[in-house]
Asker: 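Can you keep this structure in mind? I'll have questions shortly.
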Amino acid sequence: MKNLDIQQTDNGVIVKNIKNFVPKHTFDCGQCFRWNEEDDGSYTGVAYDRVINMKLDNNILYIDNCNIEDFNNIWVEYFDFNRDYDEIKKELSKDNVLAHAMKFGKGIRILNQDPFETLISFIISANNGISRIKKSIEYLSMKYGEKIGEYKGKEYYSFPNAEVLEKIRAENLRESGVGYRASYIFNTAVVVASKQMDIYNLKNLSTEDARKELMLLAGVGPKVADCIMLFSIGKHDAFPIDVWVKRVMEYFYLPKDSSLKYIQKYGQDKFGKYAGFAQQYLFYYAREAKLGKK
DNA sequence: GGGCAGGTCTAAG
DNA sequence: CTTAGACCTGCC
């Protein structure tokens with residue numbers, strides 16, 4: 001979106017001409033874990049050492065605890081505000097299923113999150129439930145992260161970096177409720193902190209090569225690798241297959257009990273460079289409609 | 001109390 | 001290279 005109409009207020013920013021963005025859709029499509037809905041329907045979240053609050057009202061976006069400088073330097077990129085989602089939707093709507101799915105999560109934008117935080121978060125997400133994933137991430141942040149500040153009486157903490165996490169014994173990591181994933185987190189933190197792998201350089205590799213690299217890390221399989229690439233490394237042709245996407249793909253396109261590998265190839269072939277966006281719309285739709293679940 | 005949840009690891013064919 | 005089983009833990 002070019003030429004955003006931004007205004008500074010007392011303790012926030014107002015953006016009047018935001019398109020293709022609904023906070024609920026973006027925060028509830030499985031890509032992030034640190035945004036929470038408040039009683040008034042707004043969302044408060046932590047990213048890049050900031051805590052902000054967002055509310056969309058009559059197509060006007062109110063961002064509290066924020067200034068124009070942060071908006072331009074951090075949040076435009078984080079929320080992918082420079083990307084033309086009309087173009088993506090136009091292309092994807094050639095597929096009837098997607099055209100239908102996009103009516104649900106029409107305000108989804110794929111975030112550009114920090115690679116390390118995303119890496120650890122999705123290691124935690126494997127074979128886990130959302131509420132417990134969020135609790136573990138909050139615990140790790142509060143215990144080992146840095147205090148960012150207070151907002152509406154609550155304290156907020158950044159997610160700990162690799163140098164901090166590698167010093168924590170796996171048995172202590174378990175106090176966050178991550179269970180057997182503690183050793184995965186520890187081992188991955190050691191590899192990242194020691195620069196055996198530069199996860200901040202993965203964006204310069206092909207999607208295929210970045211995937212192979214990521215899967216060398218403990219606790220990172222195909223699905224987690226694809227999520228990391230899509231949500232933090234800008235690999236928008238990645239097509240993560242979780243249980244919901246498997247259900248929706250088998251419901252509309254493929255026979256039941258298709259292999260994950262085949263579903264992934266099918267999705268990437270079908271949606272190409274927009275596969276990741278398609279995955280997000282399908283995921284949101286599948287969960288919203290409780291597709292394939294009693 | 002058994003089953004399940006935004007999968008991965010391991011050991012085997 | 002594909003396929004069973006086990007797996008922390010909290011919540012139903």
Side-chain angles (χ1 to χ4, degrees), chain A residues 24-36 101 104-105 108 110-111 113 117-140 168-189 191 208 211-233 235 238-251 254-267 275-294:
Chain A
K24 177 183 168 53
H25 297 171
T26 292
F27 298 139
D28 205 19
C29 63
Q31 59 178 328
C32 55
F33 303 102
R34 300 203 69 190
W35 289 89
N36 295 302
F104 288 80
I108 290 173
I110 294 185
L111 301 173
Q113 303 179 76
E117 176 175 341
T118 307
L119 167 58
I120 300 300
S121 296
F122 279 91
I123 287 175
I124 294 172
S125 80
N127 188 30
N128 210 342
I130 298 178
S131 64
R132 207 154 61 84
I133 298 166
K134 293 177 85 165
K135 270 184 195 167
S136 293
I137 292 171
E138 286 313 310
Y139 180 92
L140 289 175
I168 306 166
R169 302 168 67 87
E171 59 199 73
N172 291 326
L173 282 175
R174 281 200 170 222
E175 293 166 5
S176 65
V178 294
Y180 60 84
R181 305 168 194 82
S183 63
Y184 301 160
I185 295 171
F186 176 78
N187 290 332
T188 292
V191 172
E208 194 185 338
R211 194 172 198 248
K212 281 180 190 164
E213 278 289 298
L214 283 167
M215 286 178 62
L216 294 174
L217 298 167
V220 180
K223 190 270 180 181
V224 169
D226 287 341
C227 285
I228 296 161
M229 290 198 295
L230 183 54
F231 304 139
S232 71
I233 302 183
K235 301 298 184 191
F239 193 74
I241 315 283
D242 55 53
V243 288
W244 291 102
V245 175
K246 183 173 191 297
R247 280 175 197 149
V248 72
M249 291 300 287
E250 290 177 351
Y251 190 90
L254 299 167
K256 185 106 175 83
D257 297 324
S258 297
S259 75
L260 296 175
K261 199 169 182 176
Y262 180 70
I263 299 174
Q264 203 218 349
K265 177 174 166 43
Y266 184 91
F277 299 98
Q279 190 269 4
Q280 290 289 275
Y281 292 123
L282 288 169
F283 174 88
Y284 191 91
Y285 168 59
R287 221 177 42 170
E288 198 76 356
K290 297 191 184 343
L291 218 68
K293 238 204 149 183
K294 293 167 234 165

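Below, chain A is the first sequence line, B the second, and so on; all start at residue 1. Treat the numbers as computed from the prediction; the structure is a model and nothing was measured.
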Asker: Would a 4.5 Å heavy-atom cut-off, applied to side chains only, mark A:E117 and A:S232 as touching?
Answerer: no

Asker: Using a 4.0 Å heavy-atom cut-off across all strands, classify A:V220 as base, sugar-phosphate, or nothing.
Answerer: sugar-phosphate

Asker: Using Watson-Crick and G-U wobble pairs with both distances under 3.5 Å, what is the 5'-to-3' dot-bracket string of DNA chain C, with [ ] for crossing pairs and | for pairs outside the strand?
Answerer: |||||||.||||

Asker: What about the rings of A:F122 and A:F33, do their centers lie closer together than 6.0 Å?
Answerer: yes

Asker: Contact class for A:P240 (heavy atom, under 4.0 Å): base, sugar-phosphate, or nothing?
Answerer: nothing

Asker: Between atom CG in A:N128 and atom P in B:dC9, what is the gap in whole Å?
Answerer: 15 Å

Asker: Could you give the distance from CD1 (A:I108) to SG (A:C29), rounded to the nearest 0.5 Å?
Answerer: 4.5 Å

Asker: For B:dT8 versus C:dC11, give the span between their P atoms, rounded off to a whole number of Å.
Answerer: 24 Å

Asker: Relative to the 5' end of DNA chain C, which residue comes earlier, A:Y180 or A:S131, by the nucleotide with the nearest heavy atom?
Answerer: A:Y180

Asker: Rounded to whole angstroms, how far apart are CD1 on A:I133 and P on B:dC4?
Answerer: 18 Å

Asker: Could you give the CZ-to-P distance, from A:R181 to B:dT10, as a whole number of Å?
Answerer: 15 Å

Asker: Measuring only between side-chain heavy atoms, which start at C-beta, is A:N128 closer than 4.5 Å to A:R181?
Answerer: yes

Asker: Nearest whole angstrom, please: distance from the P of B:dT8 to the CG of A:N187.
Answerer: 16 Å

Asker: Can you label the angle between the A:Y262 ring and the A:Y266 ring as parallel, tilted or perpendicular, going by 30° and 60°?
Answerer: tilted

Asker: Please report, rounded to the nearest Å, how far the C1' atom of B:dT8 is from the CZ atom of A:F122.
Answerer: 15 Å

Asker: Measure the distance from CD1 on A:I120 to P on B:dT8 and round it to the nearest whole Å.
Answerer: 14 Å

Asker: Whole angstroms only, please: what is the CZ-C1' distance between A:R132 and B:dG3?
Answerer: 14 Å

Asker: Looking at every strand, decide which applies to A:G179 at a 4.0 Å heavy-atom threshold: base, sugar-phosphate, or nothing.
Answerer: base

Asker: Any side-chain to backbone donor/acceptor pair from A:R211 onto A:A238? Under 3.5 Å, distance only.
Answerer: no

Asker: Would you kindly compare A:K261 and A:R174 by the position of their nearest DNA chain C nucleotide and give the one closer to the 5′ end?
Answerer: A:K261

Asker: Identify whether any heavy atom of A:G30 sits under 4.0 Å from a base atom; if not, whether one sits that close to sugar-phosphate; answer base, sugar-phosphate or nothing.
Answerer: base

Asker: Answer with base, sugar-phosphate or nothing: what part of the nucleic acid does A:I124 contact at a heavy-atom distance below 4.0 Å?
Answerer: nothing

Asker: Tell me whether A:S176 contacts the main-chain N or O of A:L173 through its side chain, where contact means a donor paired with an acceptor under 3.5 Å.
Answerer: yes

Asker: Quickly work out the A:D242 CG to B:dT8 P distance and round it to whole Å.
Answerer: 10 Å

Asker: Would you please indicate yes or no on a ring centroid separation below 6.0 angstrom for A:Y285 and A:F104?
Answerer: yes

Asker: To the nearest 0.5 Å, how far apart are CZ in A:R247 and CG in A:L291?
Answerer: 9.0 Å

Asker: Of all nucleotides in DNA chain C with an atom under 4.0 Å from a non-hydrogen atom of chain A, which is the first and which the last going 5' to 3'?
Answerer: C:dT2 to C:dC11

Asker: Touch check for A:A218, heavy atoms < 4.0 angstrom, all strands: base, sugar-phosphate only, or nothing?
Answerer: sugar-phosphate

Asker: Rounded to the nearest 0.5 Å, what separates atom CD1 in A:I137 from atom OG in A:S121?
Answerer: 3.5 Å

